[in-house]
Amino acid sequence: MSKGLPKRSEDYSLWYNELVKKADLAENSPVRGCMVIKPYGYSIWEKMQAQLDKMFKETGHSNAYFPLFIPKSFLSKEASHVEGFAKECAVVTHYRLKNAEDGSGIIVDPDAKLEEELIVRPTSETVIWSTYKNWIQSYRDLPLLVNQWANVVRWEMRTRLFLRTTEFLWQEGHTAHATAKEAMEETIQMMNVYAQFAEEYMAVPVVKGKKTENERFAGADETFCIEAMMQDGKALQAGTSHFLGQNFAKAFDVKFATKEGGLEYVWGTSWGVSTRLMGALIMAHSDDNGLVLPPKLAPIQVVIIPIYRGEAELELISVKAKEIMADLRKVGISVKYDDRDTQKPGWKFAEYELKGVPVRIGLGPRDLENGTIEIARRDNLTKETFELASQPIATKISNLLDQIQDGIFKKAIDFRASVTTEVNSWEEFKKVLNDTGGFVSAHWDGTSETEEKIKELTKATIRCIPLDRKEEAGTCVLTGNPSSGRVYFAKAY
RNA sequence: CGGGGUGUAGCGUAGCCCGGUAUCGCGCCACAUUUGGGAUGUGGAGGUCGUAGGUUCGAAUCCUGCCACCCCGACCA
C-alpha cells in the first residue's frame, strides 16, 4: 500500500495533487501558478512530444520558432481573438531594473518604459500571421504547414498542476491554405492525429467532436476537439483544432495570387495540445497505489529488482539481471536495474508502483535456483512466476507490455461507457449529472441561450457535438424545442 | 477577483483560546543487525514558527497589512 496517498473515493482532487507530487512528476514553484516539471514528469512529456512530433512530420509539417513576446498592437488586430485573451495576459512594460535610491532593493527603472508594451504570448496566431504576410505571395507558397513547440502564458485565476497552470508547455500548429476546403481538411486531419495519439499512445479514449459557438476558440470559425473522460466523471478537453477561416488573413492582410491571376485571402488553421495531456494521462489510469502509465509512454517500462542477502548473492543475481536487461534492450524495451543497496525490496516495489512502471521483475536466490523470475504487472497488480526456459524473455515482456497497453485502454473505454448516459428528460439529466456524472448524451435545441441556461443550472457544458452522431429527431432536454441530434454534456475541467 | 479555510524542520503535525523562543511521527546522517511487499535498535543533525509591522519586559501564541496554498464560485487548454 502506498504511504500517504489519499484515496480517490475520498478526495479525488487531493489524490490527484498528491499523486503528481509523490510520483515526482511536478511540484509548485515559487512563482504563482507556475509549476516545476520534475525530471520524471518531464521524461513522460518528452515521450509524448517525440511521438506527436513524428506524427506532425508524417503529415507534412515542419517545426519553427516564433518570439515569446507579442507587440500589444498585434493582439488587437483580430477583434474576437483579443476579446478572448485580453483578460489573461501578462504584459512586459519595462526593460531595466535599478537599485532603489533609498537602498531598499531593486526596483523597476521608471525611465526604462517600453514605447509599446509586449504581451507574453498566450498563443501565437498574431505573431505568426504577421510573419506569414511576408512568407506568402502566391498559391505556390501554399500550403504553409508549420508547428512550434513553445511555452505560453495565460493568467488564470485558479491553477492546478498540469491541468491549468499560468505558464504551460505546448505545441501549436499554424497552417495556411489556398482554399477553405483544404483548410477544413487540415483541421480535421489534425483532430484525427490527436485522437489517434490519445488512444494509441496515452490509452485514453476520446470523443471527437465540434465545439458549440460558445466554446469556440477566440478567432476561429469552427473548433474541433477531442474530449476525454476522467475517473471522477468530469470531462477534459485534451486537444483542439481550429478552422480559422480567413479571419487572421484579413486581420494581418495575408493575400496570395491565385493560379488564375486573382488575389485572395488565405485560409488558416491552428491546433494545439499542451502539458494538460499529462493531467489526462494521470487521471485516466492511475489508482490509489499511484500512477499507472501506458507502456508506450512510460519512461521506464520494466524495472528489475534484485532480492539478496549479502554481496556474493547480489553478484550472482546481477549477472542474471544484466543478461535479462540486455535481452530486453535489444528489442527496444527500456529497463532499469535497481540494485541500490540503500532501499529494501519492499520499499522499491511500492516506489515503482507509485511511479507507474508497467512491469516489475523480481529476481532472488529462489529464482536463480529454479530458473524463474517473478513478473508483476502495475495495471492490475497481479504477479506470476515465469520460467525463463519456456520462451525468450524479450518475447514474453513485449507481449506483456502490449497486453497492458491494450488492457488499460479497454478499461478506460469500459469506464467511459459506464458513465455515458443517454437521457431524455430534464429530471433525468439533472439526476445523472449528480449521481454518476460523466457524459450525458441529450438533445439540445441548438441555441446559445439554452446552453448557457443549462450551464447555469447544472454546471455542465456542451463538451462537443460528436462527429459520429446520428441524425435523430428529438426534443431539447431543457426547452422541449425540436432537435436533430444529441450532444455530449458534462462537467469539465 | 468574491466567499470560506490553512501556513510551525524536507513532509505531516502538537502547542495558539489562557504570551515566557517549540511537541511528536516520517524522512535525513552514523553504526550494527537486516533484505521474496514500505525493517529494527542505539546515537545524531536539522527551526529567524509564511512575511512585514504593531502591542508587550517578553510574541508561534494578541492586533493589522501583505504573500502563498487548499476548497467553493466567476474565467479558461
Side-chain angles (χ1 to χ4, degrees), chain A residues 1-6 11-14 16-18 21-22 27-35 83-89 104 122-123 151-172 194 211 214-218 223 225-228 235-242 270-280 289-290 305-311 313-314 317 339-354 360-370 372-374 376 381 383 385 455-456 459 461 463 492-493:
Chain A
M1 290 300 108
S2 70
K3 254 184 195 164
L5 190 62
D11 189 338
Y12 192 81
S13 54
L14 185 65
Y16 173 80
N17 275 325
E18 289 298 306
K21 289 179 203 163
K22 292 211 157 92
E27 61 189 29
N28 287 308
S29 74
V31 185
R32 172 186 206 143
C34 296
M35 63 180 164
E83 202 190 309
F85 286 104
K87 286 166 287 177
E88 47 189 51
C89 285
S104 62
T123 179
N151 57 341
V152 286
V153 166
R154 296 182 189 175
W155 213 265
E156 302 287 355
M157 297 303 179
R158 275 178 65 198
T159 59
R160 290 189 70 191
L161 293 169
F162 289 119
L163 296 173
R164 186 177 299 110
T165 46
T166 301
E167 179 193 16
F168 56 96
L169 306 184
W170 77 346
Q171 63 63 221
E172 44 181 329
Y194 288 155
K211 286 292 187 189
N214 270 345
E215 302 276 328
R216 204 175 280 162
F217 176 74
T223 288
C225 62
I226 55 169
E227 291 285 328
L236 183 82
Q237 178 174 306
T240 47
S241 184
H242 315 293
S270 69
W271 28 274
V273 294
S274 71
T275 34
R276 180 179 246 201
L277 287 180
M278 293 284 293
N289 295 308
I305 295 172
I307 294 129
Y308 60 93
R309 296 164 198 266
E311 284 291 316
E313 212 168 78
L314 176 61
I317 290 167
D339 61 350
R340 284 179 299 172
D341 193 30
T342 51
Q343 311 293 356
K344 295 181 61 180
W347 190 92
K348 293 177 186 174
F349 294 169
E351 177 71 6
Y352 291 106
E353 257 158 38
L354 182 60
R360 184 186 74 231
I361 294 177
L363 187 55
R366 214 157 64 203
D367 295 303
L368 284 188
E369 206 171 297
N370 302 333
T372 58
I373 54 174
E374 181 185 79
L381 298 170
K383 293 191 249 190
T385 301
K455 184 178 179 181
E456 206 175 290
K459 293 180 197 162
T461 50
R463 299 322 303 156
Y493 276 98

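Below, read A as the first sequence line, B as the second, and so on, with proteins coming before strands; counting in each chain starts at 1.
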Only counting residues at least two apart or in another chain, list the ones meeting side-chain contact (heavy atoms from CB on, under 4.5 Å) with [X].
X        : answer
A:Lys455 : A:Thr461
A:Thr385 : A:Thr372
A:Ser270 : A:Glu125, A:His174, A:Phe217, A:His242, A:Leu244

N or O in side chain of [X] less than 4.0 angstrom from [N] OP1/OP2:
X        : N     : answer
A:Ser13  : B:C71 : yes
A:Lys348 : B:A39 : no
A:Arg158 : B:C72 : yes

Checklist entry - Which dot-bracket string describes RNA chain B (Watson-Crick N1-N3 plus N6-O4 or O6-N4, or G-U N1-O2 and O6-N3, all under 3.5 Å; [ ] crossing; | other strand)? => result ((((((((.[[[..)....(...]]].((((((.....)))))).....[[[[[..)....]]]]])))))))....
Next on the checklist: Going by the rule side chain to side chain donor-acceptor pair (under 3.5 Å), which residues pair with A:Thr166 if we only count those two or more places apart in sequence or in a different chain?
Outcome noted: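 Expected list: none.
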Item to check | Pairing residues for A:Arg164 by the side chain to side chain donor-acceptor pair (under 3.5 Å) criterion, not counting sequence neighbours | outcome: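 Residues passing side chain to side chain donor-acceptor pair (under 3.5 Å) with A:Arg164: none at all.
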Checklist entry - Do A:Phe349 and A:Trp347 have their ring centres less than 6.0 Å from each other? => result no
Next on the checklist: What's A:Thr165 touching, base or sugar-phosphate or nothing? Going by heavy atoms closer than 4.0 Å.
Outcome noted: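 Base: the residue A:Thr165, judged by heavy atoms under 4.0 Å, touches a nucleobase.
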Return the polar atom pairs (N/O with N/O) between nucleotides 31-35 of chain B and the protein under 3.5 Å, or none.
unit_1 : atom_1 : unit_2   : atom_2 : d
B:U35  : OP1    : A:Arg309 : NH1    : 2.5
B:U35  : OP1    : A:Arg309 : NH2    : 3.3
B:U35  : OP2    : A:Arg309 : NH1    : 2.6
B:U35  : O2'    : A:Tyr308 : O      : 3.1

Item to check | Distance-only donor-acceptor test, A:Lys383 side-chain atoms vs B:G37 base atoms, 3.5 Å | outcome: yes
What donor-acceptor contacts under 3.5 angstrom involve side-chain atoms of residues 152-163 of chain A, with partners at least two apart or in another chain?
unit_1   : atom_1 : unit_2   : atom_2 : d
A:Arg154 : NE     : A:Pro122 : O      : 2.7
A:Arg154 : NH2    : A:Pro122 : O      : 2.8

Checklist outcome for this item: Residues at least two apart in sequence or cross-chain that pass salt bridge (Lys or Arg N to Asp or Glu O under 4.0 Å) with A:Glu215, listed by chain then number, are A:Arg463
Next on the checklist: Once salt bridge (Lys or Arg N to Asp or Glu O under 4.0 Å) is applied, do any residues pair with A:Glu27, and if so which ones, sequence neighbours excluded?
Outcome noted: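 If we apply the salt bridge (Lys or Arg N to Asp or Glu O under 4.0 Å) test to A:Glu27, skipping adjacent residues, the hits are A:Lys38.
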Checklist entry - Restricting to pairs with a member in residues 341-351 of chain A, which pass salt bridge (Lys or Arg N to Asp or Glu O under 4.0 Å), not counting sequence neighbours? => result A:Asp338-A:Lys348
Checklist entry - Roughly how far apart, to the nearest Å, are B:C1 and B:A39 at atom P? => result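 The same atom, P, in both gives a distance of 47 Å.
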Would you tabulate the nitrogen or oxygen pairs shorter than 3.5 Å linking the protein to nucleotides 7-9 of chain B?
none

